[in-house]
Amino acid sequence: MAAEELLDLSADVVTLTRQVCDVPSVSGDETRLADAVEAALRAHPHLEVLRDGDAVVARTHLGRERRVVVAGHLDTVPLAGNLPTRLEGDVLWGRGTVDMKGGVAVALSLAATLTAPVHDVTWVFYDHEEVDAELNGLGRLVARHPDWLAADFAVLGEPSDGGLEGGCNGTLRVEVRLSGVAAHSARAWVGVNAVHAAGEVLRRLEAYEPATVEVDGLAYREGVNAVRITGGVATNVIPDACVVTVNYRFAPSRTVDEAVAHVRELFAGYDVVVTDAAAGARPGLDAPAAQEFAAAVLAVTGGRPAPKYGWTDVARFSALGVPAVNFGPGDPLLAHKDDERVPVAQIELCHRALRAWLTGAQPEDLPLGTA
C-alpha cells in the first residue's frame, strides 16, 4: 500500500488512532510510518513540512505572537501479538494505543484541520524514543535543527490519563560490577563466586527507602531498583563476574551529576559504571503560556496538574529553555504492557481539549468528535 494511502487525516480521531497504530513502528523501524505521516501532512498547504531521518516536522507561519510545539514519538516497544488494533465496546486495544499513538493521532488530526490557530504551531513527530537517549530523534533535532524547535511552550502527547502532568523525573542507569575467580563447580572452594557477591548489592537496594521530593508544588516519587542481573558462563563453572544493572529515577531538582553521586554513595566500595543518563525537567507551570494551557485544557478535562514520574522528552524542551508539559490519552500504567488499551472517550476528550486551547474556543462550543 502506498504511504499516502495509509493515513486519512480527515477521519475521526479514533479511526485515525487505529490507522497510526496499525502501521508497526517498533524503535528502529519507523520509516514506513514516518513516510505516511510526511505524505499525509504534505497534502495540507497551510503547513511547511520538514524531514530529518524518521522525524517529521510541520509548522504554520501565521505571524502569531506566540509559537507552541506539539510533539509525539512514532515508535513503540516490541509487539506482543497485540496488533492489529481491536475495538471492544468503548475501548481500543493494541500496541501503541497508550504509548503514544493516541496522542500522535490527536496531533495529526489537529495539524490537518486547524488552518488558523491562535498560536503558530510546530507539530513534531519523531523516532527512537523508546531506546537509548543517544538515539532519540528529538535529541537529533535539537542537535541538528534547534531552530525547528524554537517555541514559547511545548506539549508532549505522552499518556497522562487525560490529565496534565508537569515536568518529569530524571533517569540514570548504572552497572554495579562484581569480580570473582572462576573454578569448576565441583571444586568451588578454589574459586570466588561473583554472583554470590551480588547479595550485598541487593540487600542495600532492599533496605533503600526512596524519597518523595516536592518541586514547584508537585511531589515526585524517586526509586532505585535492580532491573537486570547477569553472570556465569556455564552450569558447571563458578562465575568470575556478575553485573547488577540499577535504574535510578530521580526528582527534577537533582542534576545528573548529583544523581550519579547519590548512587555511588549507595554502592560505596563497588565498581559503578554509568551507562545511560538523562536529566529530568521541572514542572514549569509558572510560565504564562503554561498557565494559559492549563486553564484551557483543565476547563475541558477537569482535575489538577500532577507530576510525571517517568522520564519524557519534556526534559529536552526544558534544556532548551522551553516550558513543557505532558498531556495525552492513556493510562501510563498500561504503557508497554501486552494488554495496552485506551478508552475511546479519552482520545476524543484530549482532542477536544487541545482544539479548545489552539482555537480559543469555549469548551461548550466544542462537542466531542469535533473535527
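Note that these values count all heavy atoms, side chains included, but never hydrogens, waters or copies made by symmetry. Numbering of residues begins at 1 and proceeds along the displayed sequence.
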Cluster question for you: counting only ILVMFWY and a side-chain heavy-atom cut-off of under 4.5 Å, with indirect links fine, are L138 and L74 together? no
May I ask whether L149 and V68 are part of the same hydrophobic cluster, defined by side-chain heavy atoms of I, L, V, M, F, W, Y residues being less than 4.5 angstrom apart, directly or through others? no
Pair D22-L83, side-chain contact (heavy atoms from CB on, under 4.5 Å): steps then yes or no: CA-CA 6 Å; D22 287 340; L83 282 185; 3.9 Å; yes
Just how far is it from atom CG of L218 to atom CZ of R282, taken to the nearest 0.5 Å? 10.5 Å
Donor-acceptor contact below 3.5 Å, side chain T15 vs main chain A11: no
Trace of the salt bridge (charged side-chain N to carboxylate O under 4.0 Å, His left out) decision for E340 with K337: CA-CA 5 Å; E340 196 173 343; K337 291 178 67 68; over 6 Å; no
Any donor-acceptor N/O pair, S109 side chain to V106 backbone, under 3.5 Å: no
Under 3.5 Å side-chain donor-acceptor pair for N136 and H73: no
Mind listing the closest non-hydrogen atom pair of V26 and P78 along with its distance? CG2-CA, 3.8 Å
Heavy-atom side-chain contact between P332 and D161 under 4.5 Å: yes
Step by step, would you call T17 with C21 a side-chain contact (heavy atoms from CB on, under 4.5 Å)? CA-CA 6 Å; T17 299; C21 288; 4.1 Å; yes
Using the rule that Ile, Leu, Val, Met, Phe, Trp and Tyr join whenever any side-chain heavy atoms are under 4.5 Å apart, tell me whether L7 and L110 fall into a single cluster. yes
Same apolar cluster (I L V M F W Y, side chains within < 4.5 Å links), I229/Y208: yes
Any donor-acceptor pair under 3.5 Å linking the side chain of S318 with the backbone of V314? no
Side-chain donor-acceptor contact under 3.5 Å, D257 with T255: no
Between D331 and V98 the two heavy atoms that sit nearest each other are O-CG1, 3.4 Å
Is there a donor-acceptor contact under 3.5 Å linking the side chains of D54 and T31? yes
Indicate the atoms forming the closest heavy-atom contact of W93 with T97, along with that distance. C-CG2, 3.8 Å
Could you verify whether a donor N or O on one side chain and an acceptor N or O on the other, from T122 and R67, lie under 3.5 Å apart? yes
Examine the side chains of H119 and E292 and answer whether a donor and an acceptor come within less than 3.5 Å of each other. yes
So with a 6.0 Å cut-off around CZ of R228, is the heavy-atom count from everything else above 12? no
Is a side-chain N or O of T359 found less than 3.5 angstrom from the main chain of R355, in a donor-acceptor match? yes
Determine whether V124 and V70 make a side-chain contact, defined as any pair of heavy atoms from C-beta on separated by less than 4.5 Å. no
Does any N or O in the side chain of R221 come within less than 3.5 Å of the main-chain N or O of G223, such that one atom is a donor and the other an acceptor? no
Would you check if there is a donor-acceptor pair between the side chains of T60 and H46 at a distance under 3.5 Å? no
Side chains of L16 and L108: does their closest heavy-atom pair fall under 4.5 Å? yes
Is there a side-chain contact between R95 and D338 in this structure, where contact means two heavy atoms from C-beta onward sitting under 4.5 Å apart? yes
Check: R264 side chain, V272 main-chain N or O, donor-acceptor pair, under 3.5 Å: yes
N326 and S160: side-chain donor and acceptor closer than 3.5 Å? no
Do you know which two heavy atoms are closest between P283 and Y220, and how far apart they sit? CG-OH, 3.2 Å
Ring centres under 6.0 Å, that's the criterion: do F250 and H262 meet it? no
Derivation of the salt bridge (charged side-chain N to carboxylate O under 4.0 Å, His left out) call for R352 and E348: CA-CA 6 Å; R352 182 184 181 210; E348 295 172 334; over 6 Å; no
Interatomic distance, L156 atom CG to E165 atom CD [nearest 0.5 angstrom]: 11.0 Å
For R86, is the CZ atom crowded, meaning more than 12 foreign heavy atoms sit under 6.0 Å from it? yes
Using a 4.5 Å cut-off on heavy atoms from C-beta on, say whether the side chain of V56 contacts that of Y126. no
Value rounded to 0.5 Å, distance of CD in E158 from SG in C168: 9.5 Å
Closest non-hydrogen atom pair, A194 against G180: CB-N, 3.8 Å
Strictly below 4.0 Å, N to O, side chains only: are D313 and R316 in salt-bridge contact? yes
Mind checking whether F267 and V246 have side chains closer than 4.5 Å, heavy atoms only? yes
Rounded to the nearest 0.5 angstrom, the CD1-NE2 distance for I238 and H196 is 7.0 Å
Distance flag, aromatic centroids of F153 and F293, threshold under 6.0 Å: yes
Side-chain donor/acceptor of T301 to backbone N/O of V297, under 3.5 Å: yes
Test salt bridge (charged side-chain N to carboxylate O under 4.0 Å, His left out) applied to D75 and K101, step by step: CA-CA 8 Å; D75 60 322; K101 291 183 176 180; over 6 Å; no
First locate atom CG of D35, then atom CD of E30, and finally report the distance between them rounded to the nearest 0.5 Å. 11.5 Å
Tell me, with the steps shown, if T171 and N247 meet side-chain hydrogen bond (donor to acceptor under 3.5 Å, both in side chains). CA-CA 7 Å; T171 183; N247 184 210; 3.1 Å; yes
Pairing of R204 and E206 as salt bridge, 4.0 angstrom limit: no
Between the side chains of E222 and Y248, does any donor sit under 3.5 Å from an acceptor? yes
Could R173 and D132 be called an ion pair, given the rule that one side-chain N must be under 4.0 Å from one carboxylate O? yes
Interatomic distance, R18 atom CZ to D12 atom CG [nearest 0.5 angstrom]: 10.5 Å
When you look at CG of D147, are more than 12 heavy atoms from neighbouring residues, nucleotides or ligands closer to it than 6.0 Å? yes
Can you name the nearest heavy-atom pair linking P159 to M100, along with the distance? CD-CB, 3.9 Å
Hey, are D127 and S27 close enough side-chain-wise for a donor-acceptor pair under 3.5 Å? no
Any side-chain to backbone donor/acceptor pair from R59 onto L47? Under 3.5 Å, distance only. no
Answer yes or no: is there a side-chain heavy-atom contact under 4.5 Å between N225 and L205? no
Are the side chains of L172 and V263 in contact, using a 4.5 Å heavy-atom criterion? yes
Set out, in order, the CA-CA distance, both residues' side-chain angles and the distance that settles salt bridge (charged side-chain N to carboxylate O under 4.0 Å, His left out) for D52 and R140, then state yes or no. CA-CA 9 Å; D52 182 289; R140 188 178 67 251; 2.6 Å; yes
Please say yes or no: joined through hydrophobic side-chain contacts below 4.5 Å, possibly via intermediate residues, are V243 and L266 part of one cluster? no
